[in-house]
2 protein chains.
Amino acid sequence: MKTQTRTINKSRQRDAIVNYIMTYQNHPTADTIYNAIKEDFPNISLGTVYRNLTLLTELGTIKKLSCGGSSEHFDGDTTPHNHFICNCCGNITDLKMDNIDFLNELASKNFDGEISGHNIYFYGLCCACKTQQSK
Amino acid sequence: MKTQTRTINKSRQRDAIVNYIMTYQNHPTADTIYNAIKEDFPNISLGTVYRNLTLLTELGTIKKLSCGGSSEHFDGDTTPHNHFICNCCGNITDLKMDNIDFLNELASKNFDGEISGHNIYFYGLCCACKTQQSK
DNA sequence: CATAAAATAATAATAGTTATCATTTTTGAT
DNA sequence: ATCAAAAATGATAACTATTATTATTTTATG
């Protein structure tokens with residue numbers, strides 16, 4: 001049985017996608033990325049964006065965030081960190097918080113499988129919406 | 001301005017949905033629930049299932065789980081607990097682990113909004129898939 | 001029982017995403 | 001530089017999960 005390796009050629013479009021995600025820390029959706037990149041690549045196809053987002057996620061270059069909205073979001077920061085989603089405006093922001101790497105071990109204690117990672121999504125009101133509501 | 005309250009009438013279909021979710025702790029999808037309930041209600045509509053799942057989630061009777069698959073899952077256990085999703089078979093299971101209620105406070109420390117809750121999804125290999133792979 | 005409000009079934013519509021395929025781009029060898 | 005094979009693209013169709021619409025049925029209540 002031959003183990004076949006896939007070779008990956010570079011593409012200007014993929015580079016632009018990576019560049020966008022890394023530059024703007026907005027946790028954008030496929031559609032947001034598509035619209036932004038259209039400025040430089042007017043003919044880019046939405047399918048190309050999706051195809052590359054899937055590939056980049058598989059490669060571990062970016063991370064996919066599934067936090068309950070109607071579409072997926074993507075994160076260029078692959079270092080361990082957590083997210084906050086505002087119940088009111090829906091914005092997703094990074095949370096600066098103390099290290100909680102011990103969580104995986106804690107979860108493994110009474111578990112017979114193998115835990116390799118986790119995603120945490122915090123919910124509530126962001127500062128802006130909080131101020132808005134108290135008026 | 002009149003604050004209008006919505007009155008909710010009982011329905012056999014909704015009762016069956018709640019009963020199914022509470023009985024089978026599978027974290028089922030809308031489609032799974034639909035197919036199961038069809039046995040007792042052959043004419044039930046998929047729209048009815050979705051409508052009630054949304055309502056029940058709003059009421060806090062059940063919880064919606066967004067853990068990255070193509071569709072949402074639902075949980076009849078609304079007490080705080082965490083979930084494990086197997087990267088291999090996709091099964092979702094509850095994790096028995098020590099109390100980590102302090103997480104919200106920890107996350108609030110350097111945050112200017114208001115954190116009211118969180119969802120944690122652990123990933124890895126479940127026991128069955130782990131054994132399978134090591135053969 | 002009569003009436004109004006709520007819920008349903010059937011179905012159409014929408015949105016996000018994936019698949020298909022002919023054409024173009026990239027790569028690596030000559 | 002040229003050429004061929006593999007990879008990537010753009011255009012578009014197809015698919016799937018979910019929501020919206022509407023006429024009919026069910027539920028609650030005086």
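Each chain gets a letter, A, B and so on, in the order the sequences are listed, and its residues count up from 1.
Between the P atom of D:dA8 and the CZ atom of A:Phe41 lies a distance of 15 Å, rounded to the nearest Å. The distance between atom CD1 of A:Ile37 and atom P of D:dA8, rounded to the nearest whole Å, is 16 Å. Computed from coordinates, the A:Asn52 CG to D:dA7 P distance equals 15 Å when rounded to whole Å. In this structure, A:Arg6 places its CZ atom 18 Å from C1' of D:dA5, rounding to the nearest Å. B:Asp40 places its CG atom 13 Å from the P atom of C:dA9, with the value rounded to the nearest Å. Rounded to whole Å, the distance from OH on B:Tyr34 to P on C:dA9 is 9 Å. Counting to the nearest Å, the C1' atom of C:dA9 and the CZ atom of B:Arg14 are 15 Å from each other. Following rounding to the nearest Å, B:Leu53 (CG) and D:dA20 (P) show an atom-to-atom distance of 15 Å.
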ring-ring contact (aromatic ring centres under 6.0 Å, His included) between A:Tyr123 and A:Phe84, intermediate numbers included: CA-CA 6 Å; A:Tyr123 293 89; A:Phe84 171 83; 7.8 Å; no
Nucleotides 16-18 of chain C: which of its N/O atoms have a protein N/O under 3.5 Å away?
residue: C:dT17; atom: OP1; partner: A:Glu72; partner atom: N; Å: 3.1
residue: C:dT17; atom: OP2; partner: A:Tyr50; partner atom: OH; Å: 2.4
residue: C:dT17; atom: O5'; partner: A:Tyr50; partner atom: OH; Å: 3.4

Contact pattern, 5' to 3', of nucleotides 21-30 of chain D - B, S or - by protein heavy atom under 4.0 Å: ------SS--
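By the side-chain hydrogen bond (donor to acceptor under 3.5 Å, both in side chains) test, A:Asn43 is found to be paired with no residue, residues two or more places apart in sequence or in another chain being considered.
In this structure, CG on B:Asn110 lies 9.5 Å from CE on A:Met97, to the nearest 0.5 angstrom.
Side-chain contact annotation: B:Ser66 with B:Glu72, donor-acceptor N/O pair under 3.5 Å present. Using modelled atom types and a 3.5 Å distance limit, the side chains of B:Thr32 and B:Thr29 yield a donor-acceptor pair.
Checked against C:dA9, D:dT9, C:dA6, the side chain of B:Ile44 finds its nearest nucleotide in C:dA9. Looking at the side chain of B:Ser45, the nearest of the listed nucleotides D:dG10, C:dT11, D:dA7 is C:dT11.
Residue B:Tyr121 is grouped with residue A:Leu65 when hydrophobic side chains (ILVMFWY) are merged at heavy-atom distances under 4.5 angstrom, including chains of intermediate members.
Considering only side-chain N and O atoms, B:Thr48 lies under 4.0 angstrom from the phosphate OP1 or OP2 of C:dA9.
Within the 4.5 Å cutoff, no side-chain heavy atoms of B:Thr61 are placed close to those of B:Ile21.
Ring geometry for B:His27 against B:His81 counts as tilted: the plane angle lies between 30° and 60°, on a 0 to 90° scale.
The existence of a salt bridge linking A:Asp15 and A:Lys10 is excluded, since no basic side-chain nitrogen approaches an acidic carboxylate oxygen closer than 4.0 Å.
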